[in-house]
Amino acid sequence: MGSKINRHLFFLSLIIALVFGFALIRSADGQYLVGVGSYDMTGPAAGINMMGYANLFQNTAGIHFRLRARTFIVAESSNGTRFAFVNLDAGMASQLVTIKVLEKLKTRFGNLYTEENIAISGIHTHAGPGGYLQYLIYSITSLGFVQQSFDAIVIAIVQSIVQAHNNLNPGSIFIRKGDVENAGINRSPSAYLLNPAEERARYPENVDKEMTLLKFVDAASGKSIGAFNWYATHGTSMSRDNLLISGDNKGAAARFFEDWFSSKNESSSTTTSKFSTSSDIGKLMEKSKTIKATGGQQCGKTTSQGFKVRKNDGSLFVGAFCQSNVGDVTPNVLGAFCIDSGKPCDFNHSSCHGDDQLCIGRGPGYPDEILSTEIIGERQFQKAVDLFNSATDQLSGKIDYRHVYINFTNIEVGLDGTGNNTIKTCPAALGPGFAAGTTDGPGVFGFQQGDTEINKLWKQLRDVLKKPSQYQEECQKPKAVLLSSGEMFEPYAWAPAVLPIQILRLGKLIILSVPGEFTTMAGRRLREAVKDTLINNGNGEFDNDTHIVIAGLTNAYSQYIATFEEYAHQRYEAASTLYGPHTLPAYIQEFKKLAQAMAKGEKTTKGPSPPDLSSVQLSLSLNPTGDSPPAGKKFGDIKEDINQPKDGSFNKGDRPSATFWSANPRYDLLTEGTYAVVEKLQGKRWIPVYDDDDFSLYFKWSLENTSFHGLATVEWEVPTEAIPGVYRLRHFGSSKKTVNSTNHYFTGASSAFTVS
Ligand SMILES: *[C@@H]1O[C@H](CO)[C@@H](O)[C@H](O)[C@H]1NC(C)=O
Ligand SMILES: *[C@@H]1O[C@H](CO)[C@@H](O)[C@H](O)[C@H]1NC(C)=O
Ligand SMILES: *[C@@H]1O[C@H](CO)[C@@H](O)[C@H](O)[C@H]1NC(C)=O
Ligand SMILES: *[C@@H]1O[C@H](CO)[C@@H](O)[C@H](O)[C@H]1NC(C)=O
Ligand SMILES: *[C@@H]1O[C@H](CO)[C@@H](O)[C@H](O)[C@H]1NC(C)=O
Ligand SMILES: *[C@@H]1O[C@H](CO)[C@@H](O)[C@H](O)[C@H]1NC(C)=O
Ligand SMILES: *[C@@H]1O[C@H](CO)[C@@H](O)[C@H](O)[C@H]1NC(C)=O
Ligand SMILES: *[C@@H]1O[C@H](CO)[C@@H](O)[C@H](O)[C@H]1NC(C)=O
């Protein structure tokens, strides 16, 4: 009897030991607390100027795929040192967005998340709604501030941080590096060549090809919960003529990566086609003929969310593709050619017989920009998968951060380190090369990259706005001052003066948050200077294995940072280097101070706070009002139904589409919902299988030519992996009678069609 109890006890304790022992081993694996989060930040999809190309005519007219804010938080312990890194599917970070996010976080979390330990980093898509930056020059083409763009971004950042915070659990982090092939080339090689030959000889290429990836693994379950990587290439696969909201190549890569991850773990649910024989297809076609368009129907605010394919319940795997020293790196890897002659453009000026507007870079899918976006996204995605699958180098060690605000308009820089030979940065200014634009998106006629002079007419026009001070003109040389934005304060500041810089540390990984676009060589110099400083001051805490990445376009935005040598050439990147020829040495000097403080465990000063200009923003873009369908129609009714193919069914690559009478999408952004759905008939039920977050589905917005009634077109490019069956297209929308009335939600579906 006793021995039986003993035996029971023995087995019981064995089981307990195994279970707990296992758990202990598992949680000991978790070096940190790790959490990830993600939230929809898709802004107004109609009539709002896109941020990036400064093209007055590039106004949103639909969605290719949605924009998201993706966050990871790492902490040493439940109330220990932490930081949050937010990857934003936006052109760039915005000082005002950062200020408002911090206010909201303070209300919610007290002093847990502050400017010091939050980094908000833009991916640099040029296909997102603009009007969310506070300095005037960044909101001219959006006709000023756009509250709806701004709110969508602020809310998404906060929500993604809250989600990551709530998900904090013991976890491990693995790091892996590797080169991405053929996803970026230098778009200003003539400027790069001005850097010293000995320096250039140290690098195999004129762009950085390295991607650095972090993989986050939950300790308790052993499951991967997310991956973030940094790699430099511009978000300009989509052109300045595109009107669909898109995350460009990095947004696409993130969509592909997250979908790849979830499909890997859905093996049980992968349906093999039950309808392979031609008689089955025949039956399907008969069936689909009987299902007609539904007509417009009322629905609720959250109905569209219910039709979302990837529902955000806070447990989704988060994959993010972050930006780095992107200044001179274009994804248009076939090179730049003259659109008239087809010949390569002038090497030094990227123009064609003197005309900057004829020289255009070509992506790998040329002339199809969607294909280019897909290919460049795919190349980053594939490399990320490789790195993710082979990441075994586990991070350990301290989490730390340093942050400072600096007034960049008059930094004294000691060039030789003796203090003898000091120079100064200047108030912000743009040169004529800025107006010329780039091979990714040419600017104004009459300018060329590399111009160091301005003609008389433009000077006169400039002087009407603001004649640059003598000091400014001297200080910015050899840049000719086309726009002295740093000296323009009417009706409010045109350019930033105070900017944040930040260092985040996660074990041996160092992330440098920069508020702009460093060129390739500028980024290398900064990384090297910080690394040397850490090693020289760190008492063994840092070594050659310390890995530094630059997080570009982070926390605020101040355009470009070219090297001193590149500055002499005054191509676009140099002409947009705001604070004069010594902008880069100033950054390096200030970053070294932060690095030294971090290495020595010292505090840093806070610096001057940037202004909050929210109360003085001008806003000329109008909110929509009073949309109505034509007489006898309801919102959601079909205008143009599926154009059924002659042989009765659609094939892979076909583009069935349907157009609905609709109201302006700005009435409700349908956040974490969708304007467009592809439904598949399963038995008697319609199941949503693609939504407006899918690369294969397009939501297009327009006004009917003569009547100004709104039209929503849902267009689906049948992807290769589509399962044969009966499908239909659905649209969701919303309208308001007056500014203050409540939203009315509606939906409608097309007639059915067959895919074989
Ligand atoms: C959390 O903070 C409290 C004091 O605020 C401290 O006593 C406690 O040890 C901390 N816990 C951890 C896990 O760091
Ligand atoms: C899929 O899920 C399993 C267990 O649920 C997990 O072990 C695995 O890591 C996941 N897939 C990937 C790619 O991590
Ligand atoms: C570009 O400019 C450099 C420096 O002025 C000059 O040496 C070179 O010949 C130019 N190259 C071409 C192809 O015009
Ligand atoms: C930055 O410094 C300049 C020069 O000292 C000064 O005039 C300006 O007011 C400062 N700007 C801000 C926003 O503090
Ligand atoms: C500072 O400049 C003076 C005059 O140019 C020069 O004589 C002196 O050697 C310099 N001092 C240092 C420390 O470089
Ligand atoms: C430092 O690391 C780099 C690679 O990160 C390597 O190329 C270099 O040889 C290393 N230098 C030393 C001194 O170990
Ligand atoms: C407007 O009219 C033009 C030509 O008349 C036509 O090509 C275009 O498709 C029409 N647009 C819409 C939205 O109906
Ligand atoms: C809508 O509501 C706001 C705030 O309550 C009010 O100021 C405004 O006059 C209202 N507008 C209309 C058209 O009723």
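First listed ligand is number 1; within each ligand, the first listed atom is number 1. Note that the coordinates shown come from a computational prediction; the quantities given were computed from them, not determined experimentally.
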J.: My understanding is that only one of Q95, Q502, M92, E115 makes a side chain to side chain contact (heavy atoms under 4.5 Å, CB included) with N555; could you say which?
T.: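 Looking at Q95, Q502, M92, E115, the match for N555 under the side chain to side chain contact (heavy atoms under 4.5 Å, CB included) is Q502.
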J.: What atoms in ligand 4 come closer than 4.0 Å to a heavy atom of N410?
T.: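 Counting atoms of ligand 4 from 1, those under 4.0 Å from N410 are 2 (O), 4 (C), 5 (O).
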J.: Could you tell me which residues satisfy side-chain hydrogen bond (donor to acceptor under 3.5 Å, both in side chains) with R524, sequence neighbours excluded, listed by chain and number?
T.: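 Y192, D208.
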J.: What does the 4.0 Å heavy-atom contact list look like for ligand 3?
T.: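 F347, N348.
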J.: Between N117 (side chain) and T114 (backbone), is there a donor-acceptor pair under 3.5 Å?
T.: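 Yes, N117 side chain to T114 backbone: donor-acceptor pair under 3.5 Å.
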J.: Is N740 touching ligand 8 with its side chain, its backbone, both, or neither, if touching means heavy atoms under 4.0 Å apart?
T.: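 Near ligand 8, N740 shows its side chain, while the N, CA, C and O stay back.
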J.: Compute whether any side-chain donor of one residue and acceptor of the other, for S484 and E487, lie under 3.5 angstrom apart.
T.: yes
J.: Using side chain to side chain donor-acceptor pair (under 3.5 Å) as the criterion, point out the one residue from N743, T625, D627, N623 that pairs with Y667.
T.: D627
J.: Using a 4.0 Å cutoff against the non-hydrogen atoms of T409, which atoms of ligand 4 qualify?
T.: 1 (C), 2 (O), 3 (C), 4 (C)
J.: Any salt bridge linking R187 with E573? Criterion: basic side-chain nitrogen under 4.0 Å from a carboxylate oxygen.
T.: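 Salt bridge present between R187 and E573.
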J.: Would you mind checking if E198 and R202 are paired as a salt bridge, meaning a charged N to carboxylate O distance below 4.0 Å?
T.: no
J.: Only one of R200, R525, R571 forms a salt bridge (charged side-chain N to carboxylate O under 4.0 Å, His left out) with E565, so which one is it?
T.: R525
J.: Just jot down the ligand 4 atoms closer than 4.0 angstrom to any heavy atom of V498, in number order.
T.: 12 (C), 13 (C), 14 (O)
